[in-house]
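Okay, so here's the structure we're looking at.
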Amino acid sequence: MAHNAPSIEQINSWLEELPYTNVGKTAELVHDYLKHLPHSNLSPTHHLAILETLKKTIDYLWNTLRKHFIGQTTLSYEQRPKIVALAQAIEDRCATTYALLIKDIVLHHPKGFKDIHLTALYRSLFHLRRVLLASYLMHAKAPKNLWLKLHKLYIHGKKHNLLHIPIELEKHNVTVEGAYKHCLLISTANPFHLDEVDLDKVDQALLLWANYAEIMPIADTRTIFTVHTHLDLRPQYRKFDTHPLNDEENSFGLNTEKLIEHVEKCIKQRSENEISKTIMTPMPKSLMLDLIDVWGHLHQRQHDRVKAENHIICYLGLNDIHFVLHCDAKMKLDKTLEKTSPLNIRSNLKLIDDADKNQKEPDIESKTESSSHYYDPWDLLTKEDEKKSSLPSEEDSEEQHKKYEWRITNKSQHGFCLISPENYLPTAQPGELIILREKADQTDWNLGIICWIRSTQEEGTHLGIETLAKNPTAAALELQQENFAAPIKAILLKGTYANQLIIPCIDICEQQQALLQYHDFKTPVTLGTVEFSNKYFFRIPYDTGNTEKESIDFREEKLKNDPLDKVWDDF
């Protein structure tokens, strides 16, 4: 079947017999068929018809496999890189098959089959975009020669005047240039700074937004990005580009001014509840503002980096601050409600269900043996006693939050650049909280946020960390709102962000009144305007006004009602 010209009926019959319940085997069979298809004796019309018949199955494989590297998955995190590699192999093979169809038309039918030529060109770009997206979803750079392939397809379309012809293939008209600009823009959207879910939302939005970007001559200084089509290189910020900026033949600039205007319009429409129905996954305002920022100007580093050869100790998993506290005044956390592995934290970014809120508080002393061994990273932030604030034992088989020891490559006044020897860190995502300290330091813990992640096969995983505070304090925030009967977890910051809290992403009123509890104190506070937010947490200032901290009485209830106290009533 591989070396003959099969009919469409034969293709459909073969597709119906594929073992779709075994996605891995189906992917292997489809990849093998695509590998041998170009050796068949096919006309351009029949060649495209076969590929379009296979498209439904290829889309099914992509959508099925992508579920395992975007969001929840039943597979282990060690398998995710293999799943991504499989998805990329099929998409790359499909793009190559369309490219071979283009080559056949150019060599043997130079004046015919324009519609097929145009469709094949768009499809090849479409599948290469999926290869690129899969790499960024794993925080890895694009495979070797991928950018050269994308650039070659664009140059080919320009040479044959195929860039701007609308193609009625999708739910809306698309163009070859739009598909190419889509790839350029997703690589300029700070993909290593976004987690997998947000990056996928950006990719979906660019199906509608890409054409607002403009390709201009390299000499036009209005462009913030430059592209060199003869190099296996993604777009560069013009200011950092070390390649010649006068090569009009092989280079051009990318202008994002109209794109930014359109994103600002989308924000305004959303605020006025006038969002039109689109194929775009709803995108949070904070993410759109970040895109405006990265597409609008280049950020300069505020502090110099210095080389360092020290090691750092890290713990991940602090993003479980979105759980409601069920505790006594001393904030002895009820571990029975904290059985959440950090691997699942990202998929559960909300407060516990109302049904859970209405449950009676479990008896702490009746906990099971397994839950009593559960390590809550919140313990690192409490200062009640030496035992509670100490690190978990490395021999503890029940430890849920892994201890990492990473190497520092350089650091600045407000952060670190770290290298982990592991090629892939399943528990780490941009935007997550991390607690860390240099190995030589036995006292100060830093609370930080993961700003970006980039995985490499050669060196492991690089991480950029911004430090928020030294020795942050665990706190409880009791909101004076009906929908928050129990206090919520909070982190009290110091230093640069003094008088600020890290709290869950919750709906709060402006100038919200609350009761802040930490250590042995409680004090009324007024919450200000959120200064930083992502899908995991808010950073928000608070004002205590002229109130004074009130000491909490930790005596047991039976001691408070001791009959001997009545003796003093007689005086």
Side-chain angles (χ1 to χ4, degrees), residues 193 301-322 331 342 345 375-384 386 388-392 394 399 401-422 425 427-454 460-475 489-504 518-519 531-534 536-542:
H193 290 69
R301 288 183 184 139
Q302 296 181 348
H303 304 282
D304 293 334
R305 294 185 180 184
V306 294
K307 289 186 177 180
E309 293 297 332
N310 198 359
H311 283 72
I312 206 159
I313 297 172
C314 311
Y315 278 90
L316 299 172
L318 277 178
N319 284 337
D320 61 0
I321 64 169
H322 60 279
M331 294 193 300
I345 285 169
Y375 165 63
D376 187 340
W378 207 254
D379 291 346
L380 291 176
L381 301 182
T382 58
K383 304 295 180 182
E384 294 168 5
E386 197 66 31
K388 182 152 186 165
S389 61
S390 62
L391 287 169
E394 292 186 24
E399 181 181 335
H401 296 77
K402 185 177 178 182
K403 171 185 176 182
Y404 295 94
E405 186 174 318
W406 295 333
R407 180 165 60 88
I408 304 174
T409 58
N410 58 69
K411 59 183 180 179
S412 68
Q413 184 177 343
H414 291 297
F416 300 91
C417 182
L418 310 176
I419 292 184
S420 163
E422 300 174 73
L425 287 169
T427 57
Q429 284 287 323
E432 292 202 29
L433 294 173
I434 183 172
I435 191 161
L436 66 167
R437 74 178 182 194
E438 294 190 52
K439 190 175 182 181
D441 187 349
Q442 297 300 315
T443 56
D444 288 337
W445 284 96
N446 289 286
L447 178 69
I449 179 174
I450 301 175
C451 294
W452 55 266
I453 302 175
R454 186 174 65 250
T461 302
H462 295 239
L463 301 98
I465 309 293
E466 178 191 355
T467 53
L468 300 177
K470 279 186 177 293
N471 290 326
T473 302
K489 284 184 175 179
I491 300 177
L492 185 63
L493 302 181
K494 305 174 183 177
T496 305
Y497 299 110
N499 286 353
Q500 293 197 22
L501 295 169
I502 296 266
I503 63 172
Y518 60 97
H519 295 333
E531 292 199 355
F532 173 85
S533 66
N534 62 17
Y536 300 112
F537 62 85
F538 290 153
R539 193 183 79 232
I540 187 169
Y542 67 90

* Structure fact -> The side-chain hydrogen bond (donor to acceptor under 3.5 Å, both in side chains) partners of Arg407 (sequence neighbours excluded) come to none
* **Gly448 versus Leu436, closest heavy-atom pair with distance** => N-CD2, 4.2 Å
* **From Ile313 atom CD1 to Glu438 atom CD, the distance as rounded to the nearest 0.5 Å** => 10.5 Å
* Does some side-chain heavy atom of Ile449 sit less than 4.5 Å from a side-chain heavy atom of Phe537? -> yes
* Please name the pair of heavy atoms, one in Thr467 and one in Gly415, separated by the smallest distance, quoted to 0.1 Å. => OG1-N, 3.8 Å
* Asked: Do Asn499 and Pro541 have side-chain heavy atoms sitting under 4.5 Å apart?
  -> no
* Asked: Do Tyr404 and Pro421 touch side chain to side chain, with heavy atoms closer than 4.5 Å?
  -> no
* Find the distance between CZ (Arg454) and NE2 (His193) and round it off to the nearest 0.5 Å. => 9.5 Å
* Side chains of Leu433 and Ile491: does their closest heavy-atom pair fall under 4.5 Å? -> yes
* Which pair of non-hydrogen atoms, one from Ala469 and one from Leu493, has the smallest distance, and what is that distance? -> CB-CD2, 3.9 Å
* To do: Working to the nearest 0.5 Å, report the span between CZ of Phe532 and CD of Gln500.
  => 11.5 Å
* Asked: CD1/Ile434 to CD1/Ile450 distance, rounded to the nearest 0.5 angstrom?
  -> 4.5 Å
* Structure fact -> Rounded to the nearest 0.5 Å, the CG atom of Leu468 sits from the CD atom of Glu466 at a distance of 5.5 Å
* Residues which pass side-chain hydrogen bond (donor to acceptor under 3.5 Å, both in side chains) with Ser420, listed by chain and number, not counting sequence neighbours -> Trp406
* Can you see which heavy atom on Pro504 is nearest to which on Lys489, and at what distance? => CD-O, 3.4 Å
* Asked: Less than 4.5 Å apart, any side-chain heavy atom of Ile435 and any of Asn446?
  -> no
* What's the shortest heavy-atom distance between Leu418 and Cys314, and which atoms? -> CD1-SG, 4.3 Å
* Nearest non-hydrogen partners of Ile312 and Arg437, listed with the distance -> CG1-O, 3.1 Å
* Structure fact -> Rounded to the nearest 0.5 angstrom, the CD1-NE2 distance for Ile419 and His462 is 4.0 Å
